[in-house]
Amino acid sequence: MSVSGVQRRLSITDIRAMKGKQPVVSLTAYTTPIAKLLDPHVDLLLVGDSLGMVLYGFESTLPVTMDLMIAHGRAVMRGAKRACVIVDMPFASYQETPEQAFRNAARLMSETGCDGVKLEGGSEMADTIRFLVDRGIPVLGHIGLMPQLVNAFGSYRSRGRTDAEVRKITQDAEAVVDAGAFAFVIEGTLEPIARQISEASPVPTIGIGASAGCDGQVLVSDDMLGLFSDFKPKFVKRYAELGSIVENAVETYAREVRERSFPAPEHTFGAVKPKN
Ligand SMILES: Nc1nc(=O)c2c([nH]1)NC[C@@H]1CN(c3ccc(C(=O)N[C@@H](CCC(=O)O)C(=O)O)cc3)CN21
Ligand SMILES: CC(C)C(=O)C(=O)O
Ligand SMILES: [Mg+2]
């Protein structure tokens, strides 16, 4: 609560201060109604570029644009009263130069009102992260499996299986922390490495497919709610089966329309009483 008594959203300082104290609870949100439902229960709402695959049916996150991220960022902000809101920087909006990254990150911040941005990359993005942080844009890092690199890696296979990968991920964690990230996502990484990185990190790590060794967890909401099932990675736990619930509801509706039992008199304006 602020002095005015109006409830304020958690800041990036609040999130960073959770290190060593309590787990950071995070889920993705792309729309106002879902943001409203999740907001009271999570610390951080992530407007992920996964929306390209989940909402738009793209085969990867690469076709996602700045305009899409801004539209969904604005939608989520309208539903968030308590949670910190972070918006993903889409592919090709930050990799060119730190200046390009600043221009686009600043648009995400000013046009959505979000609290910070997330970008994928380790040591190769450290200068960019530092450039943004120094200019007032909080950055959530993202290392390990980086979906925007799917064409370079050829798959969404978990990371940390070779000594070279372990060294690279460990260096990436250090680089992202040194560059000033307030926290970072570790995706698709074997437990021992994720645990070791988390123990060494002064800022919270937020895992997805990266074990309970991380300081917090994030999942794609549609995955954990059973709404998205084009693929089901090993790390997803289904907390609900909303897909089946939707199927059953639509099946019943279709049957009732075909047998003319819907709409009933209670759904009808000026209903004509049946003659007996
Ligand atoms: N709905 C959704 N959930 C996600 O977690 C997610 C997205 N979309 N889009 C962006 C990336 C892509 N992600 C993915 C996509 C597929 C697998 C997957 O199928 N993993 C397999 C192993 C694949 C392999 O070995 O080649 C698994 O069993 O976990 C994992 C992460 C994670 N992110
Ligand atoms: C799953 C999270 C970390 C993400 O980057 C996304 O949803 O795009
Ligand atoms: Mg993402």
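Residue numbers start at 1 and run along the sequence shown. Order of appearance sets the numbers: ligands from 1, and atoms from 1 within every ligand.
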- [ ] Taking the six-membered ring of Y94 (Phe, Tyr or Trp), confirm whether the NZ or CZ of R103 is under 6.0 Å from its centre and within 45° of its axis.
- [x]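 Verdict for Y94: no cation-pi partner in R103.
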Open item on the list: Tell me whether the NZ or CZ atom of R255 lies within the 45° cone about the ring axis of Y253 and under 6.0 Å from its centre.
Closed with: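 Judged by the rule (NZ or CZ under 6.0 Å from the ring centre, within 45° of its axis), R255 is not positioned above Y253.
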TODO: Compute whether any side-chain donor of one residue and acceptor of the other, for Y30 and S221, lie under 3.5 angstrom apart.
DONE: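 There is no such pair (donor and acceptor under 3.5 Å, judged by atom type) between the side chains of Y30 and S221.
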Task: Under 3.5 Å side-chain donor-acceptor pair for D172 and S123 - done: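 Looking only at side-chain atoms, S123 and D172 do form a donor-acceptor pair, the distance falling under 3.5 Å.
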Closest heavy-atom contact between [X] and [Y]?
| X | Y | value |
| --- | --- | --- |
| M109 | P138 | CE-CD, 4.0 Å |
| E120 | M125 | O-CG, 3.5 Å |
| L45 | A83 | CG-CB, 3.8 Å |
| T268 | P263 | OG1-CB, 4.2 Å |

TODO: On the 0 to 90° scale, with breaks at 30° and 60°, tag the F228-F231 ring pair as parallel, tilted or perpendicular.
DONE: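 Because their plane-to-plane angle is over 60°, the rings of F228 and F231 count as perpendicular.
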TODO: Return the set of residues passing side chain to side chain contact (heavy atoms under 4.5 Å, CB included) with S158 (not counting sequence neighbours), or none when no residue passes.
DONE: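 If we apply the side chain to side chain contact (heavy atoms under 4.5 Å, CB included) test to S158, skipping adjacent residues, the hits are R161, L190.
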Write 'none' if nothing qualifies; otherwise put on separate lines each N/O atom of ligand 2 with a protein N/O atom under 3.5 Å away and their distance to 0.1 Å.
unit_1	atom_1	unit_2	atom_2	d
ligand 2	5 (O)	D88	OD2	3.3
ligand 2	5 (O)	K118	NZ	2.8
ligand 2	7 (O)	S50	OG	2.6
ligand 2	8 (O)	D49	N	3.1
ligand 2	8 (O)	D49	OD1	2.8
ligand 2	8 (O)	S50	N	3.0
ligand 2	8 (O)	S50	OG	3.4
ligand 2	8 (O)	D88	OD2	3.0

Contact table ligand 1 N or O to protein N or O, d under 3.5 Å:
unit_1	atom_1	unit_2	atom_2	d
ligand 1	1 (N)	D223	OD1	2.9
ligand 1	1 (N)	D223	OD2	3.3
ligand 1	3 (N)	D223	OD2	2.6
ligand 1	29 (O)	K234	N	3.1

Open item on the list: Does atom CD (E165) have a neighbourhood of more than 12 heavy atoms from anything else shown, all under 6.0 Å?
Closed with: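 Correct, the count exceeds 12.
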TODO: Give the intermediate values and the outcome of ring pair (Phe, Tyr, Trp, His ring centres under 6.0 Å) for residues F262 and H267.
DONE: CA-CA 8 Å; F262 176 83; H267 312 115; 5.2 Å; yes
TODO: Check step by step if side-chain contact (heavy atoms from CB on, under 4.5 Å) holds for D88 and L46.
DONE: CA-CA 7 Å; D88 252 356; L46 175 69; 4.2 Å; yes
Open item on the list: Suppose the cut-off is 2.8 Å; which protein N/O/S atoms would you list for the Mg ion (ligand 3)?
Closed with: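 Short answer, with waters excluded from the count: D49 OD1, D88 OD2.
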